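All figures in this text were calculated on a predicted structure; none of them were measured in a lab. Heavy-atom basis, side chains included; hydrogens, waters and symmetry copies ignored.
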Amino acid sequence: MNKIAITANLYKHKPIKPLDIINKLINCFSKHSQPLLGRYGDDRIPFIDDDGKSIVTLITSGQVDIWRNHDNLLVATVIAPGILGLQGSDFRYHTHTFRRQGLSDILYLTHEAAMKIINENNLASDVMTYQAYIGDHQSYRDIVMVNSSTYSIVCMMLTELAQHPNHAEMSVEKYILTRTRLARSGVMKILSDLRYGGFIEMEKGKLIKLGIPFPKNY
């Protein structure tokens, strides 16, 4: 089985976001949270409050992009509903930058308060399920991105973009290039060939229609 077939099959088993559990947790946490205001004069999200305490961030609308600092690569986008910081570790906040997009609504509470709520409401199992989803999603991305062909990655990025609620407003080129280290010329050639073959429809650089499965061989 070639790589694109493996990648396409993998997408069918992409980790499913546990929306009910996330909403349940946010509902419990939000009663004890407050709006997260910009502290740096821009869209960056802090990992500690004004008293130096670790915080848990609740994304109730919009999205947060996670950028890897050493190469400025967009490694993940958390679309509402979502929760950041339950692990209580600040390691990733030193290696990545978390940025609020647009008018996203974000709340926060201290990690200490979140742990108290979890214990008082027997939410440990829900938290473990959500953390398992995050771990699975990270593994999924690694499998897709490591040692895969340019064609396989482009097809996967197109498939993911098509699932984004705002895909019709997003540049296909920018979506792929900010999330990968692929050469622009190679990406544009593949997009052109897929358009010519009728597998995708684009207008003004935006994805209008996606026809799958993509060809197994390229």
Side-chain angles (χ1 to χ4, degrees), residues 1-30 45 47 56-68 73-89 91-93 95-101 104 106-107 111 114 118 122-167 170 172 175-182 207 210 212-214 216:
M1 183 180 293
N2 57 35
K3 286 184 177 179
I4 185 60
I6 292 173
T7 305
N9 184 63
L10 178 63
Y11 189 81
K12 296 178 182 178
H13 302 285
K14 182 179 180 180
I16 298 175
K17 190 173 183 179
L19 292 174
D20 289 345
I21 286 177
I22 297 172
N23 285 320
K24 177 182 177 181
L25 291 171
I26 288 179
N27 183 57
C28 292
F29 293 148
S30 61
I45 294 177
F47 62 93
V56 172
T57 303
L58 315 176
I59 307 166
T60 58
S61 73
Q63 69 182 52
V64 169
D65 287 341
I66 304 175
W67 296 82
R68 193 165 63 197
L73 185 72
L74 178 54
V75 297
T77 295
V78 183
I79 299 175
I83 305 173
L84 301 171
L86 282 174
Q87 303 95 324
S89 170
F91 173 77
R92 186 152 298 178
Y93 290 94
T95 59
H96 296 71
T97 297
F98 295 69
R99 294 189 178 277
R100 177 204 316 250
Q101 293 301 301
S104 302
I106 300 178
L107 307 173
H111 184 265
I118 291 169
N122 298 316
L123 298 173
S125 178
D126 297 302
V127 171
M128 290 178 65
T129 298
Y130 180 51
Q131 292 301 120
Y133 161 75
I134 293 176
D136 290 345
H137 195 276
Q138 292 170 340
S139 296
Y140 163 82
R141 185 186 185 282
D142 289 342
I143 293 172
V144 170
M145 299 299 293
V146 176
N147 295 325
S148 293
S149 68
T150 298
Y151 177 64
S152 295
I153 295 174
V154 168
C155 288
M156 181 58 66
M157 289 288 107
L158 286 169
T159 306
E160 289 193 349
L161 174 58
Q163 306 301 315
H164 196 289
N166 300 321
H167 73 271
M170 302 170 69
V172 174
Y175 184 88
I176 295 174
L177 295 181
T178 55
R179 290 165 172 80
T180 69
R181 280 290 167 260
L182 301 178
L207 183 64
L210 183 69
I212 52 176
F214 292 113
K216 293 183 178 180

Is there a side-chain contact between [X] and [Y] in this structure, where contact means two heavy atoms from C-beta onward sitting under 4.5 Å apart?
{"X": "Asp126", "Y": "Leu123", "result": "yes"}
{"X": "Thr60", "Y": "Ile106", "result": "no"}
{"X": "Val64", "Y": "Ile45", "result": "yes"}
{"X": "His96", "Y": "Trp67", "result": "no"}
{"X": "Arg68", "Y": "Thr95", "result": "no"}
{"X": "Ile59", "Y": "Gln63", "result": "no"}

Does [X] use its side chain to pair, donor to acceptor, with the backbone of [Y] at less than 3.5 Å?
{"X": "Lys24", "Y": "Leu19", "result": "no"}
{"X": "Asn27", "Y": "Asn23", "result": "no"}
{"X": "Ser30", "Y": "Ile26", "result": "yes"}

| query | How would you list, by chain and number, every residue that makes a ring-ring contact (aromatic ring centres under 6.0 Å, His included) with Phe98, sequence neighbours excluded? | reply | Tyr93
| field | Stepwise side chain to side chain contact (heavy atoms under 4.5 Å, CB included) check, Met156 with Tyr140 | value | CA-CA 11 Å; Met156 181 58 66; Tyr140 163 82; 3.1 Å; yes
Return the minimal non-hydrogen interatomic distance between [X] and [Y], and the atom names on each side.
{"X": "Leu182", "Y": "Leu177", "answer": "O-CD2, 3.6 Å"}
{"X": "Pro18", "Y": "Tyr133", "answer": "CD-CG, 3.6 Å"}
{"X": "Gly62", "Y": "Ser104", "answer": "CA-OG, 3.3 Å"}
{"X": "Pro165", "Y": "Ile79", "answer": "CD-CD1, 4.0 Å"}
{"X": "Ala162", "Y": "Leu210", "answer": "CB-CD2, 3.5 Å"}
{"X": "Leu207", "Y": "Val172", "answer": "N-CG2, 3.5 Å"}

| request: Scan for salt bridge (charged side-chain N to carboxylate O under 4.0 Å, His left out) pairs involving residues 128-142, sequence neighbours excluded, and state none if there are none. | output: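 Sorted pair list comes back empty.
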| task | Show the numbers, then the answer: is there a side chain to side chain contact (heavy atoms under 4.5 Å, CB included) between Met170 and Leu161? | result | CA-CA 9 Å; Met170 302 170 69; Leu161 174 58; 4.0 Å; yes
| request: Walk me through it: do Leu107 and Phe29 pass the test side chain to side chain contact (heavy atoms under 4.5 Å, CB included)? | output: CA-CA 9 Å; Leu107 307 173; Phe29 293 148; over 6 Å; no
Measuring from [X]:[atom1] to [Y]:[atom2], what's the distance to the nearest 0.5 Å?
{"X": "Leu84", "Y": "Arg92", "atom1": "CG", "atom2": "CZ", "result": "10.5 Å"}
{"X": "His164", "Y": "Tyr175", "atom1": "NE2", "atom2": "OH", "result": "6.5 Å"}
{"X": "Ser89", "Y": "His111", "atom1": "OG", "atom2": "NE2", "result": "9.5 Å"}
{"X": "Ile143", "Y": "Gln138", "atom1": "CD1", "atom2": "CD", "result": "12.0 Å"}
{"X": "Ile21", "Y": "Ser125", "atom1": "CD1", "atom2": "OG", "result": "7.0 Å"}
{"X": "Leu86", "Y": "Ile134", "atom1": "CG", "atom2": "CD1", "result": "7.0 Å"}

| message | For a side chain to side chain contact (heavy atoms under 4.5 Å, CB included) check, start with the C-alpha distance between Thr57 and Ile83, then their side-chain angles and the critical distance, and finish with the verdict. | response | CA-CA 6 Å; Thr57 303; Ile83 305 173; over 6 Å; no
| Is it true that the side chains of Arg179 and Thr77 contain a donor and an acceptor less than 3.5 Å apart? | yes
